[in-house]
There are 2 protein chains.
Amino acid sequence: MTTPQLTKNQSLVFDVLEKAEGPLSAYTILDKLRDHGFRAPLQVYRALEKLLEYGVVHRLESINSFVACAHPGDDCHSHGIVAFAICESCGQVMEFHDHEVDHRLMGWVRGQKFKPAKTTIEIRGLCEACAA
Amino acid sequence: MTTPQLTKNQSLVFDVLEKAEGPLSAYTILDKLRDHGFRAPLQVYRALEKLLEYGVVHRLESINSFVACAHPGDDCHSHGIVAFAICESCGQVMEFHDHEVDHRLMGWVRGQKFKPAKTTIEIRGLCEACAA
DNA sequence: CAATTGATGTAATAACATAACATCTGCAAT
DNA sequence: ATTGCAGATGTTATGTTATTACATCAATTG
Ligand SMILES: [Zn+2]
Ligand SMILES: [Zn+2]
Ligand SMILES: [Zn+2]
Ligand SMILES: [Zn+2]
């Protein structure tokens with residue numbers, strides 16, 4: 001997926017996520033963009049929808065939040081599942097990609113005749129700094 | 001984790017989930033239990049909290065729903081991560097456990113000095129019947 | 001220009017989850 | 001038996017996340 005030119009709202013939302021230290025909820029993004037004219041959640045959700053489609057933002061299902069992709073420019077996501085490690089204390093997110101994990105999971109679903117569409121792997125815990 | 005005797009509300013919620021064909025949202029469970037005296041979401045969420053703790057119910061983060069464990073009595077969950085395949089058409093859920101996936105993911109987080117607490121693996125797609 | 005498409009604005013509502021506080025019930029310590 | 005405690009429950013209100021519905025606007029194109 002090649003990323004097209006972002007629209008005004010998409011750029012605003014993306015910039016907020018890029019500058020953030022960790023994942024943000026849609027409503028937190030909305031609050032940060034009130035000064036730029038944002039008034040309603042849909043302005044955020046619509047931008048996020050596109051950014052997710054382009055692969056430049058990820059949704060973290062387990063914490064209902066969104067984060068800018070940590071591999072900018074890279075299209076590693078197009079050939080594999082991404083796993084996230086999410087620090088429950090500071091919010092830091094690490095992205096990880098492992099072909100072997102893909103292979104095992106996809107091997108299993110194929111055995112079950114299951115047609116996978118989207119896979120989520122999220123590990124919540126404590127990062128090195130927060131665990132100390 | 002050995003499962004203690006369930007309380008009245010816990011039993012009611014668990015029974016609803018066991019009899020269901022697929023995952024249910026907390027509010028769907030609430031509706032199904034109105035005849036049994038349930039009036040408020042908290043009655044459901046409090047029961048679910050315990051059932052999750054006992055490991056007899058799983059939460060599917062990607063669809064905000066809950067499902068009875070498919071491995072009753074088994075304590076396979078105590079020594080490994082469980083992956084779920086969720087059919088987006090009929091709601092059927094399959095549970096899967098793979099040591100190699102665990103090993104790769106846990107090896108990676110250890111390398112990052114990350115302390116994992118809870119891991120989610122959810123594969124959404126279409127089951128054999130629905131994909132046909 | 002008219003028609004189409006994609007983006008945006010706004011209000012209202014739906015869906016999911018928790019806070020705060022009162023009450024009740026079973027059980028153990030005195 | 002009475003008291004005190006812990007866990008479970010009931011109830012109301014509120015907080016948080018996400019979508020529906022409808023109107024408007026801008027760029028493209030035939
Ligand atoms: Zn990424
Ligand atoms: Zn941290
Ligand atoms: Zn299970
Ligand atoms: Zn199906």
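Side-chain atoms are counted along with the backbone in the values below, which use heavy atoms only and exclude waters and symmetry mates. In the text below, chain A, chain B and the rest are named by the order of the sequence lines, each starting its count at 1.
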Would you kindly give the CD-to-P distance between A:Glu61 and C:dA17, to the nearest whole Å? 12 Å

How many Å lie between CG on B:Asn64 and C1' on D:dT17, as a whole number? 9 Å

For residues A:Arg124 and B:Thr120, is any side-chain donor paired with an opposing acceptor at under 3.5 Å? yes

Less than 4.0 Å between a side-chain N and a carboxylate O, is that true for B:Glu49 and B:Arg46? no

Rounded interatomic separation in angstrom, taking OH from B:Tyr45 and P from D:dG10: 17 Å

Answer yes or no: does a side-chain N or O of B:Lys50 lie under 4.0 Å from OP1 or OP2 of D:dG7? no

Closest approach to the side chain of B:Leu42, judged atom by atom: which nucleotide of D:dA18, C:dT18, C:dC16 is it? C:dT18

Starting from the 5' end of DNA chain C, give me the residue, A:Gly37 or B:Pro41, whose nearest nucleotide shows up first. A:Gly37

Taking atom types as modelled and ignoring hydrogens, do the side chains of B:Ser62 and B:Glu122 form a donor-acceptor contact shorter than 3.5 angstrom? yes

For B:Tyr27 and C:dC16, do the ring centres fall under 5.5 Å apart while the planes stay under 30° apart? yes

Contact under 4.0 Å: B:Asn9 side-chain N or O vs D:dA8 OP1/OP2: no

Rounding to 10 degrees, work out the angle separating the end axes of the helix from C:dC1-D:dG30 to C:dT30-D:dA1 (five pairs an end). 20°

Quick one: A:Glu49 CD to C:dA7 P, roughly how many Å, whole number? 10 Å

Under 4.0 angstrom between A:Gln43 side-chain N/O and C:dT8 OP1 or OP2: no

Is B:Arg46 touching bases, backbone alone, or none of the nucleic acid, heavy atoms closer than 4.0 Å? base

Specify the closest pair of heavy atoms between A:Cys90 and A:Cys127, including all atoms of both residues, with the distance to one decimal. SG-SG, 3.7 Å

Starting at CG of B:Leu12 and ending at C1' of D:dG10, how long is that distance when rounded to a whole Å? 15 Å

Rounded to whole Å, the NZ-C1' distance (A:Lys8 to D:dA27) equals 16 Å

Which whole-number value in Å describes the distance from A:Gln5 CD to D:dA26 C1'? 16 Å

When rounded to the nearest 0.5 angstrom, what distance separates CZ in A:Phe14 from CZ in A:Phe66? 14.5 Å

Which of parallel (below 30°), tilted (30 to 60°) and perpendicular (above 60°) describes B:Trp108 and A:Phe96? parallel

Find the distance between OG1 (A:Thr3) and CD (A:Gln10) and round it off to the nearest 0.5 Å. 10.5 Å

Using whole Å, what does the distance between atom P of nucleotide C:dA11 and atom CZ of A:Phe38 come to? 16 Å

Given C:dA7, D:dT19, C:dA17, which nucleotide is nearest the side-chain atoms of A:Thr7? C:dA7

